[in-house]
Amino acid sequence: MPELPEVETVKRGLNKLIIGRKIMAVNSDNSKSFPNALSDVKQFLIGSKITDVRRRAKVLMIDLSTKYTLVIHLKMTGQLVFVKLLPTIYNLPPTASETRYGGGHPTDSLIGVLPDKSTRVMFDFDDGSHLYFNDQRKFGWVRLMPTVEVPNIDFMKRVGPEPLESDFTPKQFAQRFKRRARTTIKAALLDQSVIAGVGNIYADESLWGAKIHPATKVADLPNSKFHLLYSELRSVMNLSIEKGGSTNRNYVNAEGKKGSYMEFARVFRREGLACPRCGTEIIKIRVAGRGTHICPKEQKI
DNA sequence: CACTTGACCTGTCCGC
DNA sequence: TGCGGACAGGTCAAGT
């Protein structure tokens with residue numbers, strides 16, 4: 001999925017596009033993508049206005065004037081796309097980066113005409129514009145609940161601190177890992193209760209930046225490495241937000257456009273290519289059950 | 001409790 | 001060209 005930088009990009013886009021719009025209709029494909037019974041929740045949706053769009057970890061929250069909130073997790077393949085006018089269908093050849101990363105949509109930036117077969121939930125606004133929740137793999141979800149109850153959902157109670165907050169210190173960062181001393185640093189980074197928002201891309205990128213082997217046990221890392229990892233993680237995530245996130249496969253922002261961080265990635269999905277620091281061939285291994293990319297010369301246990 | 005593994009889905013890619 | 005298996009950016013429930 002979309003990790004922290006991608007969800008943050010969607011949040012910023014939606015804040016520009018949907019604040020103040022009034023919801024006139026909601027439809028879903030009756031999959032578990034929207035588990036609320038529509039008949040039960042329509043009264044809190046229809047006629048309400050969007051008042052805010054927020055993010056916590058990889059979760060998006062769309063606040064409504066009825067004091068209800070749409071809580072959304074994009075998981076692996078979810079998209080939230082705002083469509084004002086039906087897009088023109090172009091037939092451009094794939095760009096070089098699309099070819100390199102295994103293709104993508106036939107158009108360079110705009111996704112195809114929506115709704116499509118991956119569309120799970122549709123919101124229609126009063127001016128004829130729409131918000132589509134698309135999710136090929138159906139892992140993601142949208143649910144409606146009173147705004148005051150959002151902090152009480154299990155995930156929100158468990159999730160760790162936001163790594164990009166200005167008052168989040170390297171010392172706090174190192175402290176958070178104590179509870180996962182016996183596991184690998186990669187598994188701990190992916191654990192949302194340790195630090196919020198890190199996924200496979202930024203775990204690999206930041207571990208390369210700090211020259212840490214992903215299978216290193218947390219207890220074996222000196223404090224200096226935690227400090228380095230802290231600054232590398234913040235730096236790759238900030239860069240990615242600046243580039244509009246990573247489009248590896250499905251991710252697009254609220255306007256249906258791709259992010260360009262993959263052009264700046266140093267190890268992620270670059271197996272067989274040269275390490276940007278030392279030229280050694282990057283390899284792909286398995287750590288914490290996930291595909292993991294490292295420079296075998298600089299990242300040793 | 002800490003930790004690991006499999007399940008949830010659909011689509012794509014790779015090797016035979 | 002077809003087919004089976006592995007794999008894909010996340011999280012949770014169940015197992016040890």
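Note that the structure is a prediction, hence the values are computed from the model and not measured. Convention: sequence-line order gives letters A, B, ...; per-chain numbering from 1.
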Applying a 4.0 Å non-hydrogen cut-off, can you work out what A/Gly199 is touching in the nucleic acid: base, sugar-phosphate, or nothing? sugar-phosphate
Grab the NZ-P distance between A/Lys178 and B/dA2 for me, whole Å please. 15 Å
Any side-chain N or O of A/Lys117 less than 4.0 Å from the OP1 or OP2 oxygen of B/dG11? yes
Measure from the side chain of A/Thr183, starting at C-beta and using heavy atoms only, and say which of B/dC3, B/dC8, C/dC12 lies closest. B/dC3
Ignoring backbone atoms, establish whether A/Lys58 has a side-chain N or O less than 4.0 Å from OP1 or OP2 of C/dT11. yes
Would the base of B/dA2 count as contacting A/Arg179 through its side chain, where contact means a donor and an acceptor less than 3.5 Å apart? no
When A/Trp141 and A/Arg137 are each assigned the nearest nucleotide of DNA chain C, the 5'-most assignment goes to A/Arg137
Which nucleotide sits closest to the side chain of A/Arg180: C/dG10, B/dT10, B/dC3? B/dC3
Side-chain touch A/Ile294/A/Leu207, heavy atoms, less than 4.5 angstrom: no
State whether A/His73 places a side-chain N or O below 4.0 Å from either non-bridging phosphate oxygen (OP1 or OP2) of C/dT11. yes
Once you apply a heavy-atom cut-off of 4.0 Å, does A/Gly140 come out as touching a base, just sugar-phosphate, or nothing? nothing
Please work out if A/Ala181 contacts a base, only the sugar-phosphate, or nothing of the nucleic acid, heavy-atom cut-off 4.0 Å. sugar-phosphate
Among B/dA2, B/dC9, C/dT11, which is the nearest nucleotide to the side chain of A/Arg182? B/dA2
Separation of C/dT11 atom P from A/Arg143 atom CZ, nearest Å, is 13 Å
Without swapping roles, check the side chain of A/Thr183 against the backbone of A/Arg180 for a donor-acceptor pair under 3.5 Å. no
Identify whether the distance between the nearest side-chain nitrogen and carboxylate oxygen of A/Asp29 and A/Arg120 falls below 4.0 Å. yes
Gap in Å between the two P atoms, one belonging to B/dT12 and one to C/dT11, rounded: 24 Å
Rounded to whole Å, please give me the gap between CZ in A/Arg56 and P in C/dT11. 12 Å
Output the rounded distance in Å from NZ (A/Lys138) to P (C/dG10). 21 Å
Determine: side-chain N/O of A/Arg269 to OP1/OP2 of C/dC7, distance under 4.0 Å, yes or no. no
Out of C/dC7, B/dT4, C/dT11, which has the shortest distance to the side chain of A/Lys284? C/dC7
Does the ring of A/Phe155 meet both stacking tests against the six-membered base ring of C/dT11: centre distance under 5.5 Å and plane angle under 30°? no
Please report the distance, rounded to the nearest Å, between CZ in A/Phe139 and P in C/dC12. 13 Å
Counting distance only, does the side-chain N/O of A/Tyr230 pair as donor-acceptor with the main-chain N or O of A/Lys171 below 3.5 Å? no
Phosphate contact (C/dT11 OP1 or OP2) by A/Gln192 side-chain N/O below 4.0 Å: yes
Look at the side chain of A/Gln136 and decide which nucleotide, out of C/dC12, C/dA8, B/dT10, has an atom nearest to it. B/dT10
A/Asn250 CG to C/dA8 C1': how many Å, rounded? 9 Å
Testing the basics here: between A/Thr77 and A/Arg137, what is the closest heavy-atom pair and its distance to 0.1 Å? OG1-N, 3.0 Å
To the side chain of A/Met76, which of B/dT10, C/dC12, C/dA8 is closest? C/dA8
Scanning all shown strands, the Watson-Crick or wobble mate of B/dT12 with both distances under 3.5 Å is C/dA6
Pairwise side-chain contact, A/Arg12 with A/Ile241, heavy-atom cut-off 4.5 Å (strictly under): yes
Specify the separation, in whole Å, of atom CD1 of A/Ile201 and atom C1' of C/dC7. 15 Å
Rounding to an integer number of Å, can you tell me how far A/Ile72 CD1 sits from C/dT11 P? 15 Å
Would you please indicate yes or no on a ring centroid separation below 6.0 angstrom for A/Tyr261 and A/Phe268? no
Remember a base hit wins even if backbone is also touched, and classify A/Arg158 as base, sugar-phosphate or nothing at under 4.0 Å, heavy atoms. sugar-phosphate
